[in-house]
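These numbers come from the heavy atoms of this one structure, side chains and all, not from hydrogens, waters or symmetry mates.
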Amino acid sequence: MNSRTLLTYLFLPALLFGLASCSDDDEDNTVAWANIAGSYSGYISADIKYSDVPLVYDGETLTIKVNDNGTVDMHLDSPEFNTTVTGATVKDNSSWVISGDASCVITSPVHETTSDPYAGVVSATISKDKTDVEFVLTLPGVMGGTTVTFRNGTIPE
């Protein structure tokens with residue numbers, strides 16, 4: 001066996017080992033904040049421009065879904081302020097900050113009627129450990145301006 005053949009036999013296994021270790025199947029393509037997906041239970045407080053007393057409702061649920069394109073969809077499941085947000089952006093600060101446009105359907109518990117969707121804007125913050133969640137919905141076209149705030153947990157006394 002000549003030295004060229006011997007060199008080829010020694011070089012070939014090293015080349016194959018090197019190519020196998022360059023596979024891209026071990027890459028983590030998830031975004032850092034993808035763990036915010038899930039459902040959060042809490043309450044809402046609705047501040048209406050023409051009232052000094054906020055409307056407060058317990059037993060509300062905020063669901064967040066992370067999309068493949070790096071945005072999130074949110075749904076506030078509320079009998080009074082049913083709200084959907086699609087394609088919201090997320091920024092990484094000391095907490096996760098979400099912003100986007102919203103579509104809110106309001107159901108009047110007094111008259112049992114449902115509105116056409118109202119346009120609104122959402123800003124939300126979620127602590128890195130997901131213990132503090134706040135979702136603020138601003139509806140300029142409702143009762144002279146209405147702000148609905150969802151917080152996880154129970155209503156404080």
A.B. asks: So how far is it from T149 OG1 to Y43 OH, rounded to the nearest 0.5 Å?
C.D. replies: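 Reported value, rounded in 0.5 Å steps: 9.0 Å.
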A.B. asks: Do E80 and E60 come close enough that some side-chain heavy atom pair is under 4.5 Å?
C.D. replies: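 Side chain of E80 against side chain of E60, heavy atoms only: contact under 4.5 Å found.
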A.B. asks: Once rounded to the nearest 0.5 Å, what's the spacing between atom SG of C104 and atom CG of N82?
C.D. replies: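 Answer for the SG-CG pair, C104 versus N82, is 7.5 Å.
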A.B. asks: What's the spacing between L76 CG and F81 CZ if we round to 0.5 Å?
C.D. replies: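 CZ of F81 is found 9.5 Å from CG of L76.
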A.B. asks: Do T83 and F150 come close enough that some side-chain heavy atom pair is under 4.5 Å?
C.D. replies: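 The answer is no, as the side chains (C-beta and beyond) never meet within the 4.5 Å cut-off.
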A.B. asks: Can you see which heavy atom on Y40 is nearest to which on K130, and at what distance?
C.D. replies: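 For Y40 and K130, the tightest heavy-atom pair comes out as OH-CD, 3.4 Å.
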A.B. asks: Measure the spacing between CD1 of I126 and CD1 of I64 and express it to the nearest 0.5 Å.
C.D. replies: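 So the gap between those two atoms works out to 3.5 Å.
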A.B. asks: Group every Ile, Leu, Val, Met, Phe, Trp and Tyr by side-chain heavy-atom contacts under 4.5 Å, then state whether I48 and F135 land in the same group.
C.D. replies: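 Result: yes, single cluster for both.
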A.B. asks: Honestly curious: do V121 and V148 fall in one hydrophobic cluster under the side-chain, below-4.5 Å linking rule?
C.D. replies: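 No, it is not one cluster - the side chains of V121 and V148 are not joined through contacts under 4.5 Å.
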A.B. asks: Over all heavy atoms of both residues, which pair between V85 and A88 is shortest? Give the atoms and the distance, please.
C.D. replies: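 Here V85 and A88 meet closest at CG1-CB, 3.9 Å.
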A.B. asks: Which heavy atom of V66 sits nearest to which heavy atom of A34, and what is that distance?
C.D. replies: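 Smallest interatomic distance, heavy atoms only, reads CG2-O, 3.6 Å.
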A.B. asks: When you group the ILVMFWY residues by side-chain heavy-atom contacts below 4.5 Å and let the links chain together, are L62 and Y118 in the same group?
C.D. replies: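 Yes, it is one cluster - the side chains of Y118 and L62 are joined through contacts under 4.5 Å.
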A.B. asks: Around atom CG of D68, are there more than 12 heavy atoms of other residues, nucleotides or ligands at under 6.0 Å?
C.D. replies: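 Check fails, neighbour count at 12 or below.
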A.B. asks: Count I, L, V, M, F, W, Y as connected when their side-chain heavy atoms are under 4.5 Å apart, and connections chain through other members. Are V136 and I36 then in the same cluster?
C.D. replies: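 No, no single cluster joins them.
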A.B. asks: With a 4.5 Å heavy-atom cut-off, do S95 and D132 have their side chains touching?
C.D. replies: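 No, side chains not in contact.
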A.B. asks: About how many Å separate OG1 of T61 and CD1 of I44, when rounded to the nearest 0.5 Å?
C.D. replies: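 Output value for this atom pair is 11.0 Å.
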A.B. asks: A cation-pi test, strictly: NZ or CZ of K128 under 6.0 Å from the centre of the six-membered ring of W96 and no more than 45 degrees from its axis. Yes or no?
C.D. replies: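 Checked: cation-pi criterion met.
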A.B. asks: So among V56, I155, L55, which one has a side chain to side chain contact (heavy atoms under 4.5 Å, CB included) with S45?
C.D. replies: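 Of the listed residues V56, I155, L55, the side chain to side chain contact (heavy atoms under 4.5 Å, CB included) partner of S45 is V56.
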A.B. asks: Say whether T147 and T138, considering side chains only, have a donor N or O and an acceptor N or O under 3.5 Å apart.
C.D. replies: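 Absent: no donor and acceptor within the cut-off.
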A.B. asks: Just wondering, are more than 12 heavy atoms of other shown residues or ligands nearer than 6.0 Å to NZ in K91?
C.D. replies: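 Incorrect, the count does not exceed 12.
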A.B. asks: At their closest point, which heavy atom of T146 faces which heavy atom of V142, and how far apart are they?
C.D. replies: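 Here T146 and V142 meet closest at OG1-O, 2.8 Å.
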A.B. asks: Tell me, do E134 and S123 make a side-chain contact under 4.5 Å, heavy atoms counted?
C.D. replies: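 No - every pair of side-chain heavy atoms lies 4.5 Å or more apart.
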A.B. asks: Should T63 and S39 be marked as a side chain to side chain donor-acceptor pair (under 3.5 Å) after you check the CA-CA gap, both sets of side-chain angles, and the distance that decides it?
C.D. replies: CA-CA 4 Å; T63 304; S39 292; 3.3 Å; yes
A.B. asks: Quick check: is Y50 connected to L137 through a chain of hydrophobic side chains (ILVMFWY, heavy atoms under 4.5 Å apart)?
C.D. replies: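 As far as the 4.5 Å side-chain criterion goes, Y50 and L137 are connected within one cluster.
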A.B. asks: Can you tell if the side chain of N67 reaches within under 4.5 Å of the side chain of D73, non-hydrogen atoms only?
C.D. replies: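 Contact flag for N67/D73 side chains = yes.
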